[in-house]
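Here the structure comes first, spelled out in structure tokens, and everything after it is commentary.
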Amino acid sequence: MFRREREREFKEFNGGPPCGQVRVLVVGDSGVGKTSLVHLIVKGFSTACPPQTIGCTVGVKVRFSTPLLPRIKLLFEFIYQLATTISTQHTKYGSPGSSSSSLKGDAERDFFIELWDVSGHERYKDCRSLFYSQINGVIFVHDLSQRRTKTSLQQWASEIATTGTFSAPLSSGGPGGLPVPYIVIGNKADIAAKEGTRGSSGNLVDVARQWVEKQGLLPSSEELPLTESFPGSGSLIAAAKEARYDKEGLMKFFRMLIKRRYFSDDLSTPNTWSISPAPRTSQCLDENSDDDHQLYRRTSLSGDPYKYNMLPPLPAQRNLTPPPTLYPQQPVSVTENYSIPRFSFTGSQEINSSTRSKRADINV
Ligand SMILES: Nc1nc2c(ncn2[C@@H]2O[C@H](COP(=O)(O)OP(=O)(O)OP(=O)(O)O)[C@@H](O)[C@H]2O)c(=O)[nH]1
């Protein structure tokens, strides 16, 4: 009853079911703040006590305008699959006032942006690749106060590249061979006192990790990834000090994924991720270029992956089989004001939130 009512409201609110979706993995070591971040994105505020993630989540919502995407509305909802929490963003694409149920023409269109918050705990390592399916993009999250969590992003990238399947992939791989766009988010800026030092959030995972590092149990060779590998670290530190949450940067990332998935005629754009380091700051970018293109470059994916001046777009991927539809079960109203600057983007990268079980409920 409740569900049917919510579905009806959802349809009325959005003008029908979404006509497309992009899937974004949110990954990083346990305790870096993925769930907190997804919660912030989806609900507009952070959660004080996020339970540990088991599996995955989907939800979202936000509105913004660009010449290509006059109006995008993101609506978060939660869909439960197995033991995973998936956050989905519902997006309106196209001209206001026109029909929204078709990909043809320049009508307003609805899209889901699914944020798959994957548990970072080691105990789920063997089964988490179940969720690496039909991926359009990846959000890497690390803890600014724990260097190792940034180093391990390389392993996360390799794991996803090796075991995942991808939608609208790039022609050449990025970190670890990852063939889709990505962003990196440095979290816990509030406890990263200054570059090179480590703070503590007081939670058990952080305390344990710090203890292990103190005992010298980590390989000494573990260093932060090179800027060529995860570019923009300079901007990350700067952003961290200012405790900024680059919401707009995130929205650009989502828009770019939608364009690639549904409105790009050219999917074979080479990914120069490992070849040419991206500019360290946005000031280095061409001010005349498209904002989304700038983001793409800042995330080290240089080139021109989509022809965003070709409206109305004829989606090259129109005939592709979309990922399984995650129809909304519990639409959640979300504020559009992300006023809590707990998260900082890495030059062009950041985010996080989701649904989980309590840590105490986990059976090893
Ligand atoms: N100080 C501080 N603590 C944070 C921040 N973000 C998250 N936390 C805390 O860090 C702990 C872990 O956060 P989660 O969001 O559960 O981390 P996670 O990456 O989802 O962890 P897994 O579910 O184990 O993969 C929680 O106690 C959060 O409250 C932050 O920006 N600053």
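Order of appearance sets the numbers: ligands from 1, and atoms from 1 within every ligand.
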N or O contact, [X] vs ligand 1, cut-off under 3.5 Å:
| X | value |
| --- | --- |
| S119 | no |
| G120 | yes |
| H121 | no |

Compare every heavy atom of [Y] with every heavy atom of [X], then report the nearest pair and how far apart it is.
| X | Y | value |
| --- | --- | --- |
| V118 | L25 | CG2-CD2, 3.9 Å |
| Q21 | N136 | O-OD1, 4.3 Å |
| F253 | V138 | CZ-O, 3.8 Å |

Ligand 1 contact by G31, heavy-atom criterion under 4.0 angstrom
yes
Side chains of R128 and S119, donor plus acceptor under 3.5 Å:
no
Could you tell me which atoms of ligand 1, counted from 1 in the order shown, lie closer than 4.0 angstrom to a heavy atom of S36?
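Listed by number with element: 6 (N), 7 (C), 13 (O), 14 (P), 15 (O), 28 (C).
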Keeping to residues at least two apart or across chains, list the salt bridge (Lys or Arg N to Asp or Glu O under 4.0 Å) pairs with something in residues 165-182.
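Counting only pairs at least two positions apart or across chains, no salt bridge (Lys or Arg N to Asp or Glu O under 4.0 Å) contact touches residues 165-182.
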Does only the side chain of D29 get under 4.0 Å from ligand 1, or the backbone, or both, or neither? Count heavy atoms.
backbone
